[in-house]
Amino acid sequence: MRDTTYQYIDGSWIEGESNDEITVRNPAEPDEPIVSFPGADQEQARAAVDAAEAASDQWAAMAPADREAILYDAADRIEAQLDSLAETLTREEGKPISSSRGEVSRAAEIFRFFANDARNATGDTVPSNDPDTFTYTIREPLGVVTLISPWNFPIATPSWKLATALATGNTVVLKPSSETPMIAKRLVELLADAGVPDGVVNLVVGSGSTVGDHLTTHEAVDGVSFTGSTGTGRHIQKTVADRGIPIQTEMGGKNPLVVLPDADLEAAAEAAIGGSCGGTGQACTATSRLIVHEDVAAELTDAVVERANALSIGPGMNDPDMGPAVSAAENETNLEYIEIAKEEGATLLTGGGRPEDMETGYFIEPTVFTGVESDMRIAQEEVFGPVLGIIEVADFDEAVEVANDVTYGLSASIFTSDMTSSRAFTRQVEAGVVKVNGTTTGSQIQMPFGGMKASSSETHKEMGQRAHEFYTHEKVIYRSDP
Ligand code: NAD
């Protein structure tokens, strides 16, 4: 019999009790569902928060070295199951198996890195004006934190939220995307096996509209960390605003890659295709606008199209360059945007539809448009598929103006060999992450990550040396002994 117990509340795996049926399909072979189960209802969402609240004091009081040891153990367990976790990820999300293996091993690395926050999230001792008063700060956990994650990096994203929250002594309720509940369940099972006590980590799988507001507005929730679309993130910001609790929302992007005439054009073309089609374009940091100086536009365009045409497409288990889109709905949206771009007057250079002879599966061709203008919808709205728009500009200033001419501000890159231009770009571009001669995608876990403008609440960056700041109160203490 198939396992349909996807809710983990206070240390017990139970069935959801709502009428929402969650069906997981392999996006490469969607005809046969992998599993179907009922999502959580509102009472279960509230019960998960209650369980996290009940477990909170004990977990916060545990010696930091003991919390750290549990998280190290979780990292070891993830690594020990790398192959089967990667297979689960590819079967439900669709990405090439080598990418899944990379993501799973990154999850282990994330747990190891942030386990140290248990001991390293320290305060400061500060010189006092009064010799009889000791002045210092301490960091304390927020309490109960709700973690909400999307489907596109379905083990890495929950891992960086969980690891930091748990290391710093918080208890959590994790709500993963309903597209990718299997890998979330396996991650929570591994945490329980590693010794995370009952109630410290709770998993609620359910429709955002059914359980979402209960997970963010329950009076015991002390913080919310969300990654997903700007629409959902803005909704959560509004619903949580009245309670004034800390909130972190990392959201969508419309990321530019600028190419100047003095750039290494082969490297720029490689980065443009890697950034736009890697992961089937389903990265918040995906390159969607290639902003190129008119002097090198023709040569760069040829190099980009050549690379797009060379990409292999297929089921993730065959490890192609590009797997399918995650769902029928996502792929329909991709195809709609392609029609919109054509109607707006952009010129389709390659791709633009489903690959021939691949009727089953949510496959789509790598797609490149030229003649894109900055005010077109294809240059303004997040597509979340392998669709790249080329925008020609006359000089550096126009390139920066176009790069900044969107509501989003997540990541941006420039290809140039001129230090003055690259320095000016890093200063002027409106993006939370800026690369010089690199892809817009990809990040290192010891570096902070997060956007600006409509891409982020800009309250705290995730990852990096100071990720713990979001998950902790800084208390300022003046102690005068009698
Ligand atoms: P989404 O906004 O549809 O869903 C994200 C999560 O929010 C899911 O778990 C969903 O169930 C939940 N949710 C939906 N309604 C809710 C509500 N009312 N209350 C609480 N939770 C609710 O996003 P998606 O389609 O899963 O992911 C793709 C999006 O995520 C893209 O826009 C992408 O750019 C963005 N993303 C951003 C980053 C980043 O770090 N900036 C990283 C990855 C993905």
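Y72 and N116 share a side-chain donor-acceptor pair at under 3.5 Å. A side-chain donor from one of T90 and S100 sits under 3.5 Å from a side-chain acceptor of the other. With no hydrogens or angles considered, a side-chain donor-acceptor pair links E15 and T4 at under 3.5 Å. For the 3.5 Å distance criterion, the side chains of N120 and H468 fail to qualify, holding no donor opposite an acceptor. In this model, a donor atom of one side chain and an acceptor atom of the other lie less than 3.5 Å apart for D321 and S312.
Within 6.0 Å of OH on Y478 lie no more than 12 heavy atoms contributed by other residues, nucleotides or ligands. In R243, the CZ atom is crowded: over 12 heavy atoms of neighbouring residues, nucleotides or ligands sit closer than 6.0 Å. Other residues, nucleotides and ligands contribute at most 12 non-hydrogen atoms within 6.0 Å of the CG atom of N19. Surrounding CZ of R46 are more than 12 heavy atoms belonging to other residues, nucleotides or ligands, all under 6.0 Å away. In the displayed structure, E21 atom CD is contacted under 6.0 Å by more than 12 heavy atoms of other residues, nucleotides or ligands. Around atom CD of E29, no more than 12 heavy atoms belonging to other residues, nucleotides or ligands sit under 6.0 Å away.
Minimum heavy-atom separation, S207 to D20: CB-OD2, 3.6 Å. Of all heavy-atom pairs between I338 and I364, the closest is CD1-CD1, 4.0 Å. The minimum heavy-atom distance between F111 and A74, with the atom names listed, is CD2-CB, 4.4 Å. Of all non-hydrogen atoms in L174 and S149, the two that sit nearest each other are CD1-OG, 4.1 Å.
The main-chain N or O of V205 is found under 3.5 Å from a side-chain atom of Q7 such that the two form a donor-acceptor pair. Although no hydrogens or angles enter the test, the distance criterion places a donor-acceptor pair under 3.5 Å between the side chain of E92 and the main chain of M182.
Atoms CG and CG, from D193 and D76 in turn, are 13.0 Å apart once rounded to the nearest 0.5 Å.
Outside the 6.0 Å centre-distance limit, the rings of F470 and W160 are not counted as a close aromatic pair.
Under the 4.0 Å criterion applied to side-chain N and carboxylate O atoms, R289 and E381 are not assigned as salt-bridge partners. Salt bridge present: R77 and D73 bring a charged side-chain N and a carboxylate O closer than 4.0 Å. Between K161 and E462, at least one side-chain nitrogen of the basic residue sits less than 4.0 Å from a carboxylate oxygen of the acidic one, meeting the salt-bridge criterion.
Put simply, the side chain of R25 reaches to within 4.5 Å of the side chain of T23, judged on heavy atoms.
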